[in-house]
Student: 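Next up is a structure, given as structure tokens.
Just so it is clear, the model here is predicted, and its values are computed rather than measured. Each chain gets a letter, A, B and so on, in the order its sequence line appears, and its residues count up from 1.
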Amino acid sequence: MGRTIVPIGPYHPLQEEPEFFKLTVEGETVVQIEVQVGYNHRGIEKLSEMKTFDQSTFAVERICGICSTSHPFAYTQAVEDIFPVEVPMRAKFIRVIIAETERIHSHLLWLGLAGHFLGYNTVFMWAWKLREEILDVMEILSGNRNNYAMFKPGGIRRDIKPEDIPGVLKKIDSIIPTLEMLKKAVMDDPVLHARTKNIGILKKEDAINFCAVGPTARASGVKRDVRKDSPYAAYDQFPWEMITCEAGDVFDKLVVRVLETFESIKMVKYCLNKLPDGPIDLNFKDIPPGEGIGHIEAPRGECFHYVRSDGTNRPARHKVRAPTFMNLPTYKATIIGQTISDATIILAGIDPCYCCTERMGVLDTKGNRIYSGADLLLLSQQKTENIRKQMGVK
Amino acid sequence: MSVRVQALLKSPWIFHLSTGSCNNCDIEILDCLTPRFDVERFGMLLAGSIRHADVLVVTGSASRKCIPRMKQIYEQMPKPCFVVAIGECALSRGMFIQSYNCPLPIDKIIPVDVYIPGCPPKPEAIIAGIMKLVKKTEEGLKNKQAV
Ligand code: SF4
């Protein structure tokens, strides 16, 4: 059967970063996938070396807008690891509150987008409406809807006022019934079952071999969560459960994320109720030479930072490894052999920092002209035709 | 020309172009579409293709790989059109001004009509910015007719 190349991206109408996928299809079935990245490269590691330790926190916050807690969290832990210091307990609790609130907003965001990709715009609107409440909570706690600027090496930048706490708890409680309803609507819907069950299965061995992290790995039955494996901040101070599923298909990834949202709500409520007193910052000034690592569980998986200090006030080297970097290659295992109509949701299934659909202007591989999706399909079919003629194959 | 501009203002369709942003600006644009802000009440809609769009919304600090694509996309847009730059990155590159991969601010690459500052700007600010663009252009058209 003839092969056709379907390009996806790099620009698409919905959101997020430009990325380019080249799917090779035989009839309806995807036989090969190629990913091109780099449209978003801004040289943050290098920039971070030009900034002081304190300023770098803001630089890493702007790596990804959805994970604007995860990166500073990992970075501050890496800096604190250079000359092991113990952060005050109150700061640890507030860090957990911010990180878990972010997880709720990130998972809701993904749920909405997944619904949108499946043609369920109602889910999209509901999930994003709920997400607004969480952003309000963020605004009360940190002063910002996104890019919270709460972290600094040695503690946090802004305390939570005791008078804010009852309001926040009430807001969080108010979203639980809607979230329950959304959970039922999503998990019991026969159409959603048909679209996501047994689609894009990532087997347990594959998840281990590809070093998948986060919900992508947990949906395949790999018990891997930095918060449990090497507890940091206050995650060892209270009980919570790691959510895992067995099948590894898109539905399980969805279930893991929805259930994790409830876990996170529990954690935030616990931390807000049991917030210890004390200082929030160590206020250290000098950072001695040395190197440190910090890793945390971001909404999408393990986020890893490495910082080397040479005794000056700037990092000598800063290295970042984001979770999508590990999850991206699992496409090789999940998408091959699936139909092209399922490709979108499988690509979205790992919750990459981008999501793609096929209904927009497309670039050809030489990168010098843009066609519409239909034009390009026609062109590539013609090309196959020409090649066939040249080779004398019928 | 003015008839076309007038028609465009009734229901400006938006195409969103991210040129190396951190997602926050993009998410805030999407947020404008969701129930709380609901820009559709102003007739604004996200267009699926640049060829259907009236307003190009640009975010991000124009990385080297994006610049040629950005120019192409601007060329393909049906004219007359408006360009709105959203976020500190798109305005002046913000903290990425020293980056080796962001050589030019966006308004040196394509003409920009409206700047909406913020990192990221709130959805209210985005809606206000675009409404200001619509109002200003309407006023301009009226003055022109009066002359
Ligand atoms: S202006 Fe700020 S929020 Fe917007 S893309 Fe740039 S860094 Fe991100």
Side-chain angles (χ1 to χ4, degrees), chain A residues 10-18 20 36-44 46-47 50-51 55 58-59 61-68 105 109 112-113 116 124-129 131-133 135-136 139 144-147 149 353-354 357 359-363 367-370 372-373, chain B residues 13-31 33-38 45-53 59-70 72-73 75-77 87-89 93-102 118-123:
Chain A
Y11 286 109
H12 43 82
L14 204 59
Q15 70 145 10
E16 317 215 19
E17 302 110 308
F20 182 68
Q36 269 182 33
V37 290
Y39 295 93
N40 245 358
H41 183 76
R42 287 160 294 162
I44 293 194
K46 187 74 196 159
L47 273 178
M50 299 180 206
K51 301 193 183 301
Q55 290 169 335
F58 304 119
E61 205 165 60
R62 277 147 184 83
I63 292 176
C64 167
I66 316 173
C67 303
S68 50
H105 116 70
L109 185 140
L113 286 180
H116 175 80
F124 173 52
M125 291 296 172
W126 271 101
W128 280 58
K129 194 175 156 199
R131 193 178 148 264
E132 286 299 326
E133 304 290 327
L135 291 185
D136 284 349
E139 207 168 352
N144 297 315
R145 281 164 59 89
N146 318 75
N147 288 350
C353 278
Y354 48 77
T357 48
R359 53 193 158 85
M360 59 280 154
V362 179
L363 263 157
N368 46 15
R369 273 183 73 185
I370 295 186
S372 78
Chain B
W13 281 23
I14 293 169
F15 184 81
H16 161 227
L17 180 71
S18 147
T19 62
S21 67
C22 81
N23 275 347
N24 259 346
C25 282
D26 319 53
I27 291 172
E28 293 294 45
I29 294 172
L30 261 197
D31 244 10
L33 292 174
T34 52
R36 184 179 288 186
F37 301 104
D38 193 18
L45 210 63
L46 265 197
S49 155
I50 184 69
R51 292 172 206 275
H52 301 155
T59 62
S61 49
S63 72
R64 277 175 204 276
K65 207 168 173 178
C66 284
I67 290 174
R69 281 142 181 107
M70 205 162 125
Q72 283 163 2
I73 284 186
E75 278 158 20
Q76 288 182 341
M77 223 174 147
E88 220 52 67
C89 286
R93 290 169 285 161
M95 58 162 267
F96 300 106
I97 197 152
Q98 291 145 336
S99 167
Y100 52 82
N101 212 29
C102 309
C119 183
K122 286 187 144 196

Student: Can you tell which part of A/Glu139 gets under 4.5 Å to a heavy atom of chain B, answering side chain, backbone, both or neither?
Tutor: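 A/Glu139 touches chain B through side-chain heavy atoms alone.
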Student: Examine whether an atom of B/Cys25 lies under 4.5 Å from a heavy atom of chain A, and if so say whether it belongs to the side chain, the backbone or both; otherwise answer neither.
Tutor: neither
Student: Between A/Gln55 and B/Met95, is there a side-chain heavy-atom distance shorter than 4.5 Å?
Tutor: no
Student: Counting only heavy atoms closer than 4.5 Å, note whether B/Glu75 contacts chain A via side chain, backbone, both or neither.
Tutor: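 Neither part, no heavy atoms under 4.5 Å.
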Student: So, do A/Trp128 and B/Arg36 sit near enough that their side-chain heavy atoms are less than 4.5 Å apart?
Tutor: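 The answer is no, as the side chains (C-beta and beyond) never meet within the 4.5 Å cut-off.
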Student: Quick check on B/Thr34 against chain A: is it the side chain, the backbone, both or neither that has a heavy atom closer than 4.5 Å?
Tutor: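 Contact with chain A: backbone and side chain both.
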Student: What part of A/Met50 gets closer than 4.5 Å to chain B, counting heavy atoms only: side chain, backbone, both or neither?
Tutor: side chain
Student: B/Ser63 side chain to A/Arg42 main-chain N or O, any donor-acceptor pair under 3.5 Å?
Tutor: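 No, because the side chain of B/Ser63 does not come within donor-acceptor range (under 3.5 Å) of the backbone of A/Arg42.
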Student: For residues B/Asn24 and A/Glu61, determine if any side-chain heavy atom of one lies less than 4.5 Å from a side-chain heavy atom of the other.
Tutor: no
Student: What's the shortest heavy-atom distance between A/Cys64 and B/Asn23, and which atoms?
Tutor: SG-ND2, 4.0 Å
Student: So which part of B/Phe96 gets closer than 4.5 Å to some heavy atom of chain A, the side chain, the backbone, both or neither?
Tutor: both
Student: Given that the side chain runs from C-beta out, which part of B/Ile29 has a heavy atom under 4.5 Å from chain A: side chain, backbone, both or neither?
Tutor: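 Nothing of B/Ile29, per the 4.5 Å heavy-atom cut-off to chain A.
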Student: If you count heavy-atom pairs under 4.5 Å with chain B, which of A/Leu135, A/Ile44, A/Leu47 comes out on top?
Tutor: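 The residue among A/Leu135, A/Ile44, A/Leu47 with the greatest pair count is A/Leu47.
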Student: Could you have a look at A/Arg131, A/Lys129, A/Met125 and say which one has the most heavy-atom pairs with chain B under 4.5 angstrom?
Tutor: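 Of A/Arg131, A/Lys129, A/Met125, A/Met125 has the most heavy-atom pairs under 4.5 Å with chain B.
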